[in-house]
There are 2 protein chains.
Amino acid sequence: MENRTVDTRERILDAGERLFMAHGYEGTSMRQITSEACVNLAAVNYHFGSKESLMQEVFRRRLDWLNEERMRVLDVLEAEANGEPVKPSAIVDAFFGTLLRMAGDENRGGMTFLRLLGRTLTEPSEFIRAFLAHEYKTVMDRYKEALFKALPEVPKAEIVWRFHFMLGATSYAIAGTDALRLVTDWQIEDDDSTDRLDRLVPRLMSFLLGGLRAQLPQFSDAAVDSK
Amino acid sequence: MENRTVDTRERILDAGERLFMAHGYEGTSMRQITSEACVNLAAVNYHFGSKESLMQEVFRRRLDWLNEERMRVLDVLEAEANGEPVKPSAIVDAFFGTLLRMAGDENRGGMTFLRLLGRTLTEPSEFIRAFLAHEYKTVMDRYKEALFKALPEVPKAEIVWRFHFMLGATSYAIAGTDALRLVTDWQIEDDDSTDRLDRLVPRLMSFLLGGLRAQLPQFSDAAVDSK
DNA sequence: TTATGATTAAAACGAACGTATGAATCATAA
DNA sequence: TTATGATTCATACGTTCGTTTTAATCATAA
């Protein structure tokens with residue numbers, strides 16, 4: 001009894017992950033999912049209750065580990081720092097590097113899940129964004145505080161915005177790994193497809209850190225003082 | 001005869017733009033669109049042929065101007081430079097600043113279109129990405145070349161990636177202007193909603209430039225030389 | 001072996017989807 | 001004023017959607 005159930009659930013989750021990534025939530029039908037998973041149409045509703053619940057479970061299966069790992073790594077970093085601020089580069093790597101390294105781990109969803117996540121962060125569906133907000137809140141607050149400590153000379157509002165920009169650059173980078181070719185016809189000469197990911201991580205990391213530590217913006221109008 | 005037609009077409013385009021932004025392409029029905037536009041259900045197929053064609057027209061209406069403007073501004077910059085490379089900050093502003101300043105221009109779609117565009121760049125639907133690829137290709141190539149000239153010491157592949165990251169940060173920043181609150185519950189103290197956009201542009205610009213000019217990544221393995 | 005609860009299977013439900021049709025209505029030129 | 005082509009309208013078509021139902025099949029404990 002155990003074996004068949006688990007297999008069916010996992011096959012549905014795998015198929016859902018892949019198809020939601022490829023066609024989006026609204027663009028994927030239950031019949032596509034159950035067909036790809038080689039299970040009966042009613043199996044999704046039996047095991048998960050509804051399409052929405054399936055979507056949530058697809059994310060929970062991966063995000064639970066990811067966010068626990070992010071917490072764990074930051075714990076270690078802060079313990080090592082002995083009350084001193086953690087280096088910004090270490091914080092960025094703990095948050096985004098941990099995410100990106102999932103791409104190489106097929107047991108944790110690999111590139112498929114990363115692309116699904118990247119796309120979903122700009123997904124219009126209300127229930128998905130609300131769900132992700134709840135899943136992410138605690139981790140976000142921890143990292144936000146760590147960055148405040150690490151960059152005391154940068155206004156907090158600025159850090160919050162830059163965290164936001166970093167999320168965007170990362171989401172897009174992982175969501176569009178092959179959309180890149182489509183949109184721009186760009187040729188990346190010194191990479192072949194096998195090690196592209198190994199290069200992407202340091203490349204993105206450099207970019208994120210450069211943005212995070214960039215010169216503070218000059219607001220052209222006098223609104224800063226006049227209010 | 002002219003008046004009624006134009007009004008109907010425009011009302012449909014406006015409603016489509018808003019609803020596609022709010023619920024995505026697949027998540028928006030013809031009945032929602034025609035209902036919001038106060039036109040008959042058959043009007044979309046009469047004026048545009050199909051839902052897909054409507055979506056394309058929603059984009060063309062705004063992108064034609066945007067990309068022409070980007071070309072025009074870069075023409076001016078290169079003419080002023082007299083053969084010398086244009087400053088990276090000017091190139092970035094010409095490409096992303098021109099886009100972001102659309103947000104304040106309701107006649108060109110304003111924030112609604114910007115958020116639609118931001119979300120669509122990671123949209124799964126094949127025909128949309130293919131369409132945007134075609135619309136964007138020429139402009140992209142021009143700006144890519146300008147950046148190559150402006151940053152001769154940075155490897156071309158690196159510039160291409162960083163352009164990609166900049167696109168992502170920008171898309172996300174404009175797509176998620178209120179999703180930000182939802183996902184993170186962040187409080188941006190010194191901004192109220194009226195001038196948030198005036199601040200966002202220089203903030204994002206600083207971030208993008210910081211990332212574009214960041215220290216080059218160090219690849220940990222020896223793959224750079226060994227191949 | 002038989003009883004029981006968990007799982008799978010086939011079929012159907014009503015609702016909503018994008019699209020097409022043909023008649024009614026409109027603006028305009030002859 | 002009437003004829004004509006453009007536009008709007010109500011309605012229906014055939015599909016596909018997510019979900020539900022009821023019966024069959026399975027694995028396991030008594």
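All values below come from the heavy atoms of this structure, side chains included, with hydrogens, waters and symmetry mates left out. Note on naming: letters A, B, ... go to the chains in the order of the sequence lines (proteins, then strands), and numbering restarts at 1 for each one.
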Pair pattern of DNA chain D in dot-bracket, where unpaired bases get dots and | marks partners in another strand, Watson-Crick or G-U under 3.5 angstrom: ||||||||||||||||||||||||||||||
Atom-to-atom span, CG of A:Asn45 to P of D:dC17 - whole angstrom: 14 Å
d(CG, A:Asn40; P, D:dT21) in whole Å: 16 Å
Within 45° cone of A:Phe207 ring axis and under 6.0 Å: B:Arg162 NZ or CZ: no
Non-neighbouring partners of B:Ser53 that pass side-chain hydrogen bond (donor to acceptor under 3.5 Å, both in side chains), sequence neighbours left out: B:Ser50
Partners passing side-chain hydrogen bond (donor to acceptor under 3.5 Å, both in side chains) against A:Ser35 (at least two apart in sequence or in another chain): none
Near-strand residues of residues 48-62 of chain A, defined as heavy-atom separation under 4.0 angstrom from DNA chain C: none
Salt bridge (Lys or Arg N to Asp or Glu O under 4.0 Å): pairs with one or both residues in residues 47-59 of chain B, sequence neighbours excluded: B:Glu57-B:Arg60
With A:Asp64 via side-chain hydrogen bond (donor to acceptor under 3.5 Å, both in side chains) - residues at least two apart: none
For A:Ala146, all residues meeting side chain to side chain contact (heavy atoms under 4.5 Å, CB included), sequence neighbours excluded: A:Leu74, A:Glu78, A:Ile91
Spacing between B:Phe127 atom CZ and C:dG18 atom P, to the nearest angstrom: 12 Å
Separation of B:Leu147 CG from B:Glu158 CD (nearest 0.5 Å): 13.0 Å
side-chain hydrogen bond (donor to acceptor under 3.5 Å, both in side chains) against B:Arg61, all qualifying residues, sequence neighbours excluded: B:Asp14
Residue-phosphate contact under 4.0 Å: A:Thr8 side-chain N/O, C:dT8 OP1/OP2: yes
d(CZ, B:Arg9; P, D:dT8) in whole Å: 11 Å
B:His47 vs D:dA6: side-chain N/O to OP1/OP2 distance below 4.0 Å: no
Residues in side chain to side chain contact (heavy atoms under 4.5 Å, CB included) contact with A:Ala94, at least two apart in sequence or another chain: A:Val73, A:Leu77, A:Tyr143
Summary of salt bridge (Lys or Arg N to Asp or Glu O under 4.0 Å) pairs that have at least one residue in residues 27-36 of chain A, sequence neighbours excluded: A:Arg18-A:Glu36
Contact list for residues 89-113 of chain B, test salt bridge (Lys or Arg N to Asp or Glu O under 4.0 Å), sequence neighbours left out: B:Asp93-B:Arg101, B:Asp105-B:Arg108
Which residue lies more 5' along DNA chain C, comparing A:Tyr46 with A:Leu41 via nearest heavy atoms: A:Tyr46
Proximity to DNA chain C (any heavy atom under 4.0 Å), residues of residues 25-37 of chain A only: A:Arg31
